[in-house]
Amino acid sequence: MSQCSVPVITIDGPGGSGKGTITQMVARKLGWHLLDSGALYRLTALAAARQGVQFDDEAGLVRVAASLDVSFEPTPPGEPAKVILGGEDVTDEIRTERCGDNASKVAVIPAVREALLQRQRDFRQPPGLVADGRDMGTVVFPDAPTKIFLTASAEERAQRRYSQLKDAGLSVNIDALLEEIRARDERDMNRSAAPLKPAEDAQVIDSTGLSIEEVLDRVMAASGQA
Ligand code: DC
C-alpha cells in the first residue's frame, strides 16, 4: 500500500480545544496510529534549551529539529503516549506552559517546520492515521480525506486548562492563563509559515459547551466512521 492511500483524519485547532483528547479517542476507537505533531515542536524547544541553542539561532534550531532522537511509546488507554528524548522520559516536561510557549516560538521558523515535515508524514502507516496539530490539513496531509478544525472560545479553553492544572495539584491564575492563550493564538494565527487556520475543505466543530463525548460523536460522524 503506498503511503498516500493510507487514510488520514486531521484534527487541527488551537491549544485547549480538546483536540489532543479527541485525537486519542478517535485513534483508539479506529485502531489507527496517532501523530501528536505539537510534541515535535515542544521537543525541538526542549532539546534546543538543553543544548544551549538560542531561540533566535535559526541554523541551530534546524539542526536540533532534524536530529531529534525521539520515540513515542504506547501507554494504557486514556494516558498520553510516553515521549522519550535521547533515552530519557520527558512526557511531563514537554507539557509545561513554558515548553508550549517556547514551542510556539520555534514553530514560526519555516526551516524548522520543513525539518519536521517528513518525520510527520512517516507516521502515515496502515491501517490509518489520526493527526493532531495546527497545519495537518493545510500543509502536512493536504490530501487527507477527512479534515476537522476544532475550536472553542478562549475563555472556555482557559477554564479547561485551569481545571487540568488544578487537578494536577498546581496553583495557577486563570487570568494569566487566558492572557497566555490569547498571546499564543495570536502568534500561531499570524505567522507567515503554515498559520493556524482551517483548511478550505475542513469541517469546523466548535466544542464550546459540548462534552467530550458529544465532540467525539461529531468527529466520528464527520469522518464517516460513526
Ligand atoms: O498542540 P501543542 O500545544 O502541543 O503545540 C505546541 C506549539 O507547537 C503550538 O503553540 C504551535 C506549535 N505547533 C505548530 O506550529 N504546528 C503544529 N502542527 C503543532 C504545533
Side-chain angles (χ1 to χ4, degrees), residues 8-24 26-27 33-49 55 58 61-62 64-65 68 70 72 80-83 85 90-124 129-142 144 147-152 154 156-158 160-162 164-165 177-199 202 207:
V8 186
I9 298 175
T10 59
I11 304 187
D12 289 307
S17 59
K19 69 194 161 67
T21 308
I22 288 294
T23 300
Q24 278 182 40
V26 174
H33 300 281
L34 182 156
L35 165 62
D36 172 4
S37 61
L40 295 175
Y41 290 94
R42 287 171 183 265
L43 284 158
T44 301
L46 179 65
F55 291 134
E58 232 183 272
L61 290 172
V62 170
V64 170
L68 277 183
V70 60
F72 294 88
K82 231 188 219 177
V83 184
L85 178 67
V90 294
T91 315
D92 294 332
E93 207 168 341
I94 61 162
R95 291 295 146 209
T96 62
E97 295 301 303
R98 187 187 175 84
C99 196
D101 201 51
N102 288 339
S104 163
K105 288 177 188 154
V106 304
V108 301
I109 303 170
V112 168
R113 307 194 70 83
E114 184 65 34
L116 294 174
L117 195 56
Q118 192 55 45
R119 197 187 280 264
Q120 296 175 77
R121 290 186 173 150
D122 288 343
F123 279 77
R124 189 172 192 172
L129 176 69
V130 190
D132 159 357
R134 303 289 192 289
D135 61 343
M136 298 295 98
T138 48
V139 176
V140 183
F141 303 108
K147 299 180 184 177
I148 306 289
F149 193 85
L150 203 54
T151 65
E156 171 133 345
R157 289 185 282 132
R160 288 176 187 167
R161 188 73 184 134
Y162 177 75
Q164 265 176 2
L165 293 171
L177 268 180
L178 184 56
E179 269 312 296
E180 278 172 30
I181 282 179
R182 290 202 167 119
R184 183 138 24 124
D185 282 356
E186 181 73 16
R187 198 182 304 128
D188 291 347
M189 287 189 296
N190 292 315
R191 65 178 178 225
S192 56
L196 170 66
K197 63 162 191 212
S207 72

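We count ligands from 1, going down the list as the structure has it; atoms in each ligand are counted the same way.
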- Message: Assess whether a salt bridge exists between Arg161 and Glu97, defined as any Lys/Arg side-chain N lying under 4.0 Å from an Asp/Glu carboxylate O.
- Response: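 Result for this pair is yes, salt bridge flagged.
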
- Residues forming a side-chain contact (heavy atoms from CB on, under 4.5 Å) with Val90, sequence neighbours excluded: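 Applying side-chain contact (heavy atoms from CB on, under 4.5 Å) to Val90 gives Leu43, Leu46, Arg50, Val83, Leu85, Glu88, Glu93, Ile94.
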
- Who are the side-chain contact (heavy atoms from CB on, under 4.5 Å) partners of Ser104, not counting sequence neighbours?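 With sequence neighbours excluded, Ser104 shows a side-chain contact (heavy atoms from CB on, under 4.5 Å) to Arg184, Arg187, Asp188, given in chain and number order.
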
- Message: List the residues meeting salt bridge (Lys or Arg N to Asp or Glu O under 4.0 Å) with Glu156, not counting sequence neighbours, and say none if there are none.
- Response: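 Glu156 satisfies salt bridge (Lys or Arg N to Asp or Glu O under 4.0 Å) with Arg160 only.
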
- Message: What I'd like to find out is whether the side chain of Ile181 reaches to under 4.5 Å of the side chain of Asp185, using heavy atoms alone.
- Response: yes

- Task: Please tell me if the side chains of Phe149 and Lys197 come closer than 4.5 Å, counting only heavy atoms from C-beta onward.
- Result: no

Please produce the table of protein N or O atoms sitting under 3.5 Å from N or O atoms belonging to ligand 1, one pair a line, distance to 0.1 Å.
| residue | atom | partner | partner atom | Å |
| --- | --- | --- | --- | --- |
| ligand 1 | 1 (O) | Lys19 | NZ | 3.3 |
| ligand 1 | 1 (O) | Arg134 | NH1 | 2.8 |
| ligand 1 | 3 (O) | Arg42 | NH2 | 2.9 |
| ligand 1 | 4 (O) | Arg42 | NE | 2.6 |
| ligand 1 | 4 (O) | Arg42 | NH2 | 3.4 |
| ligand 1 | 10 (O) | Asp188 | OD2 | 3.1 |
| ligand 1 | 15 (O) | Arg113 | NH1 | 2.8 |
| ligand 1 | 15 (O) | Arg113 | NH2 | 3.3 |
| ligand 1 | 15 (O) | Arg191 | NH1 | 2.9 |
| ligand 1 | 15 (O) | Arg191 | NH2 | 3.0 |
| ligand 1 | 16 (N) | Arg113 | NH2 | 3.0 |
| ligand 1 | 18 (N) | Ser37 | OG | 3.0 |
| ligand 1 | 18 (N) | Arg134 | N | 3.1 |
| ligand 1 | 18 (N) | Asp135 | OD1 | 2.8 |

